Each structure stands twice: as C-alpha cells, then as structure tokens.
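Let me begin by presenting the structure, written as structure tokens, before commenting on it.
Because the structure is predicted, anything quoted here is derived from the model rather than measured. Basis for what follows: all heavy atoms, side chains included, without hydrogens, waters or symmetry-related copies.
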Amino acid sequence: MTLRPYRPSDLEEILELFYETVHTVNAKDYTPEQLDAWADGAPDREEWGRTLLEHTAFVAVEDGKIAGFGDISASGYLDRLYVHRDFQRRGVASALCAALEGAVEAECIVTHASMTARPFFEKRDYRVIRERRVVRHGVSMMNYRMEKRHPSPAQNACY
C-alpha cells in the first residue's frame, strides 16, 4: 500500500468508495434509512472536489485501486476517513490517519466519528467530547464529536 496526495482524477472512485463503505461497513450500526440519508448516491461532486483540494487529502492505493482516503483542514478538522470494504482491518485507516494528523499544526484535531468509527478513534487517543444527533435529508442519526491533542509534544491540550 502506498499513500499519495489526492488528485482530481480520483474523485469518481472516491465517491463510489464512500457510498459502498457507508452502505456495507456502517450497516451494522445504522438503519437502511440512515445509510441512505448519509450516502444517497447523489453527492455534490463540485463540493467534494473543492473541499478535497482545499484540505490536505491523501489516498491509499493498493494494486492500482484506491483502498481508502481521508482529508483534514488546516485548522485540524478531520473531515473524512473512509476505507474500502475489501481493505478493512489492514492498517489503511491507521496509515491515513497518521499522515493526516502529521500534516497539520493545529493544537487540536477534531472529528465527527460515526458509531462504527468511534472505537478506531478511541484507540488513537481521541476522546468523545459529546454525542451528537445530526439530521440529513430529514433523518436523524448519531455520531460523536471527538478530539485529540496534536501529536506534536509542543502543542497544548484542546480540552
């Protein structure tokens, strides 16, 4: 597996990976209605492309296929981190997350983690700040605001 910066030519494969991951990996924690609201199959391609270019974004590639992707803003908001269903539990998320965390100098790294992703982030020393109810397309679902001090020892606590 190799990590590399996101390229606009990756967008369609990333959008497919996002949809498939949500509807398979997250299916154990969310209802079909919630999964459809989260990933409805009609993403705003312009918005996704813009934010992936504005943020630091990496893709993990294995055998010519995108195994995962993630992005983080300069302020330390870890926006997205998704791993293809066929590449789960192979270190892809850990490698991406470490690269993203190391790419910013923010005091605190913040993410809104799904119920499925919460244990992964807890193992990486993120802590739950609060449970959140979010509404997408009129459907309510739960996630968690999680925070972590920046890995650099010179940074202050964020909580």
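- Other residues, nucleotides and ligands place more than 12 heavy atoms under 6.0 Å from the CD atom of Glu54.
- Put simply, the side chain of His112 never gets that close to the backbone of Asn143: no donor and acceptor are under 3.5 Å apart.
- Across every non-hydrogen atom of Ala37 and Val139, the tightest pair is CB-CB, 3.7 Å.
- Side chain of His84 to backbone of Asp86: a donor-acceptor contact under 3.5 angstrom is found.
- Among all heavy-atom pairs drawn from Ser114 and Asn26, the shortest one is OG-ND2, 3.6 Å.
- Thr111 OG1 to Tyr126 OH: the interatomic distance, rounded to the nearest 0.5 Å, is 6.5 Å.
- In this structure, the side chain of Gln88 does not engage the main chain of Val25 through any donor-acceptor pair within 3.5 Å.
- Rounded to the nearest 0.5 angstrom, Phe120 CZ and Leu81 CG are separated by 5.5 Å.
- For Tyr30, the ring pair (Phe, Tyr, Trp, His ring centres under 6.0 Å) partners are Trp38, not counting sequence neighbours.
- Contact between Phe58 and Ala103 at its shortest, heavy atoms only, is CE1-CB, 4.3 Å.
- For the pair Gln34 (side chain) and Ser140 (backbone), a donor-acceptor distance under 3.5 Å is present.
- Proximity of Arg45 to Glu12: side-chain heavy atoms (C-beta onward) are separated by under 4.5 Å at one or more points.
- Asp10 is linked by a salt bridge (charged side-chain N to carboxylate O under 4.0 Å, His left out) to Arg4, counting only residues two or more places apart in sequence or in another chain.
- Put simply, OH on Tyr144 and CZ on Phe121 are 13.5 Å apart, with the number rounded to the nearest 0.5 Å.
- More than 12 heavy atoms of other residues, nucleotides or ligands sit less than 6.0 Å from atom CZ of Arg133.
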For Leu3 and Leu96, run side chain to side chain contact (heavy atoms under 4.5 Å, CB included): C-alpha distance rounded to whole Å, both residues' side-chain angles, the deciding distance at 0.1 Å, then the answer. CA-CA 7 Å; Leu3 294 184; Leu96 284 165; 3.6 Å; yes
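- Using a 4.0 Å cut-off between a side-chain N of Lys or Arg and a carboxylate O of Asp or Glu, Asp125 and Lys148 do not qualify as a salt bridge.
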What verdict does the side chain to side chain contact (heavy atoms under 4.5 Å, CB included) test give for Phe87 and Lys65, after you've listed the backbone C-alpha separation in whole Å, the side-chain angles of each residue and the deciding distance to 0.1 Å? CA-CA 10 Å; Phe87 293 92; Lys65 184 174 186 174; 4.1 Å; yes
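- Of all heavy-atom pairs spanning Ala106 and Ser75, the tightest one is CB-O, 3.1 Å.
- With rounding to the nearest 0.5 angstrom, the CG atom of Leu35 is 9.5 Å from the CG atom of Asp29.
- Between the CD atom of Glu46 and the OG1 atom of Thr51 there is a distance of 11.0 Å, given to the nearest 0.5 Å.
- Summarising the geometry, atom NE2 belonging to His55 is positioned 10.0 Å from atom CG belonging to Leu78; distances are rounded to the nearest 0.5 Å.
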